Undergrad: 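Mind having a look at this structure? Questions to follow.
Residue numbers begin at 1 in each chain, while the letters A, B, ... track the order of the sequences. Bear in mind that the values here come from a model prediction, so they are computed numbers and not experimental data.
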There are 2 protein chains.
Amino acid sequence: MNLNDSAIVGQLGAEARRRLSAAAEERNFRRGEALFHQGEPLKGLFILLAGRVKLSQVGPDGHETIMRLVAPGDAFAAVAAFSHARSYPVSALAMTDVTLAFWPRRTAQRLVSELPELAGLLTEEISRHAQVFQQRLREVSTERVSQRLARTLLRLAGQASRPHDAGTLIDFPLTRQDLAGLAGTTLFTVSRLLSAWSDRGILQVGRARVIIRSAPDLLMEAGGDDSPAS
Amino acid sequence: MNLNDSAIVGQLGAEARRRLSAAAEERNFRRGEALFHQGEPLKGLFILLAGRVKLSQVGPDGHETIMRLVAPGDAFAAVAAFSHARSYPVSALAMTDVTLAFWPRRTAQRLVSELPELAGLLTEEISRHAQVFQQRLREVSTERVSQRLARTLLRLAGQASRPHDAGTLIDFPLTRQDLAGLAGTTLFTVSRLLSAWSDRGILQVGRARVIIRSAPDLLMEAGGDDSPAS
DNA sequence: CATCGAGTTTGCGCGGGCGCAATGTTCACG
DNA sequence: CGTGAACATTGCGCCCGCGCAAACTCGATG
């Protein structure tokens, strides 16, 4: 994927795009490598060009909570581009081999301060994520596991999916453990629920692989539509 | 409280401050009134001058999750100042009689686009909140209720507290129900935990009132310090 | 000061979902 | 193509914390 194909860069004017490209460095990581760790000082701003990245927090007990899955074109660690934050709130792990565009912190801050369009787009991105966090926080506080898991799958399908024989393939290599980290439960419970839904023909599951065969049924499991809560 | 005493306004230059003040409208609400509801189209940007405001989401089943408690000087609904968002993700309720500074959406957007300092400060604010949401999301996904409640109380004490005989008074009028909405549990469980801690001398509790008598013990209950998770 | 409603406490029962162990399965890699 | 480690499944037991009911207490309000 080219930098200009990124949703965020695509919305910029020609001049801003040129300046971004000029300052970008390319970075590569192997599957399983960490791009950075939570608590570490901010290095800079990333836009993912190819592969998949997972952003997560692990608690003292080792439990992992996945905050975001990054697909090509997405920016992350945008917090590094704005001044006062000190360190990464999450760790970033390459789920596959990845290539990224990277801007060191100083550079990113300069670009953001000189390109108000860029600042605006990043801010919108940050607040969109904040809203998702709020929704997930409500879900995990008040809904039951099956609802949360169903909604998690639907959300993932909306973010990165590919058509597949008789279904929609969720285009992230997610283990049961990963799904548990997204939905706020354990891999055991995830496994049981996926098996049950598979038996009922709602899903087709495989190793680190989920295909949604009936989104409406899944939405039913999630307890109906939710977005515009009146 | 005067507008210029607000943390966010206080960091602005004289010129920006003048323009903000000039465009501000004063608004007043009675205790129990709603400033806006979730799903409603964005009205504009607020800075609280006096009183207490609660931002929360309620699910279809009626369960309430409190996203943020607002104290004087804090800005909220900052999302209204940036372009593409459509509607409030939360409802805002006056916990006491309140007075606010208000900027209609158009005005707020104009100010933000013409005052980069303001845009930067609001963005920092938004990302700080996003980080708190991430932390709460991890907590509610992986920790037990007592830990979460303890951490909730400590967080509140850090945000708005007053010294009091032999303790620190949490300066929000919070019912057990409210604390449950913050910690992701039920009012019953909150009541039981507060009673237990009160018996052990860690807290002193009253109607919609909590005084922390031993922060270290409470931190112990929370499972130790957490912030710089290495 | 009397009243009423909102807020709180406590007992009791039970069920969702965690935790572990053992086994089975699949894929990556040499 | 063979092998091992990572990933997945399933049974079983138990406990945290929810949910309701009933009783109580505080404080705002007229």
Undergrad: Using a cut-off of strictly less than 4.0 Å, decide whether T189(A) has a side-chain nitrogen or oxygen near OP1 or OP2 of dG17(C).
TA: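 For dG17(C), neither OP1 nor OP2 has a side-chain N or O of T189(A) closer than 4.0 Å.
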
Undergrad: What is the distance, rounded to the nearest whole Å, between atom CZ of R144(B) and atom C1' of dC18(D)?
TA: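 So the CZ-C1' distance, R144(B) to dC18(D), works out to 15 Å.
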
Undergrad: Measure across L49(B) and M1(B) and return the closest heavy-atom pair with its distance rounded to 0.1 Å.
TA: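 The answer is O-CB, 2.9 Å.
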
Undergrad: Over how many whole Å does the gap from R207(B) atom CZ to dA6(C) atom P extend?
TA: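 From R207(B) CZ to dA6(C) P: 10 Å.
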
Undergrad: In this structure, how many angstroms lie between the C1' atom of dG16(C) and the CZ atom of R148(A), rounded?
TA: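 In whole Å, dG16(C) C1' lies 11 Å from R148(A) CZ.
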
Undergrad: For S191(B) and L187(B), indicate whether the former's side chain and the latter's backbone hold a donor-acceptor pair under 3.5 Å.
TA: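 Checking the backbone N and O of L187(B) against the side chain of S191(B), no donor-acceptor pair under 3.5 Å is found.
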
Undergrad: Do the side-chain N or O atoms of S195(A) get closer than 4.0 angstrom to the phosphate oxygens (OP1, OP2) of dA8(D)?
TA: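 The answer is no; no side-chain N or O of S195(A) sits under 4.0 Å from OP1 or OP2.
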
Undergrad: Are the charged groups of R86(B) and E40(B) less than 4.0 angstrom apart, N to O?
TA: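 Answer for the salt bridge query: no.
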
Undergrad: List in numerical order all residues of residues 166-184 of chain B for which some heavy atom is under 4.0 Å away from an atom belonging to DNA chain C.
TA: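 Contacting residues: T175(B), R176(B).
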
Undergrad: When the nearest nucleotide of DNA chain D is assigned to R31(B) and to F188(A) on a heavy-atom basis, which residue is associated with the more 5' position?
TA: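 That would be F188(A).
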
Undergrad: Whole angstrom is fine here: how far is it from CD in E64(B) over to C1' in dG7(C)?
TA: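 So the CD-C1' distance, E64(B) to dG7(C), works out to 15 Å.
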
Undergrad: Let's go through S56(B) and E64(B) carefully: what are the C-alpha distance in whole Å and the side-chain angles of both, what is the deciding distance for side chain to side chain donor-acceptor pair (under 3.5 Å) to 0.1 Å, and is it a yes or a no?
TA: CA-CA 7 Å; S56(B) 64; E64(B) 179 187 44; 2.9 Å; yes

Undergrad: Evaluate the ring planes of F46(A) and F102(A), with Trp represented by its six-membered ring, and classify them as parallel (under 30°), tilted (30 to 60°) or perpendicular (over 60°).
TA: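 F46(A) vs F102(A) ring planes: tilted.
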
Undergrad: According to a strict under-4.0 Å criterion, is S191(A) in side-chain N/O contact with OP1 or OP2 of dA8(D)?
TA: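 Checking S191(A) against dA8(D): no side-chain N or O falls below 4.0 Å of OP1 or OP2.
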
Undergrad: Would you state whether a donor and an acceptor, one from the side chain of R209(B) and one from the base of dG27(D), lie under 3.5 Å apart?
TA: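 It does not, because no donor-acceptor pair links the side chain of R209(B) to the base of dG27(D) below 3.5 Å.
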
Undergrad: Taking 4.0 Å as the cut-off, does a side-chain nitrogen or oxygen of T185(B) come that near to OP1 or OP2 on dG17(D)?
TA: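 No, because none of the side-chain N or O atoms of T185(B) sits under 4.0 Å from OP1 or OP2 of dG17(D).
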
Undergrad: Using only modelled atom types and a 3.5 angstrom limit, is any donor from either the side chain of R192(B) or the base of dG19(D) paired with an acceptor on the other?
TA: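 For R192(B), whose side chain was compared with the base of dG19(D), there is a donor-acceptor pair (under 3.5 Å).
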
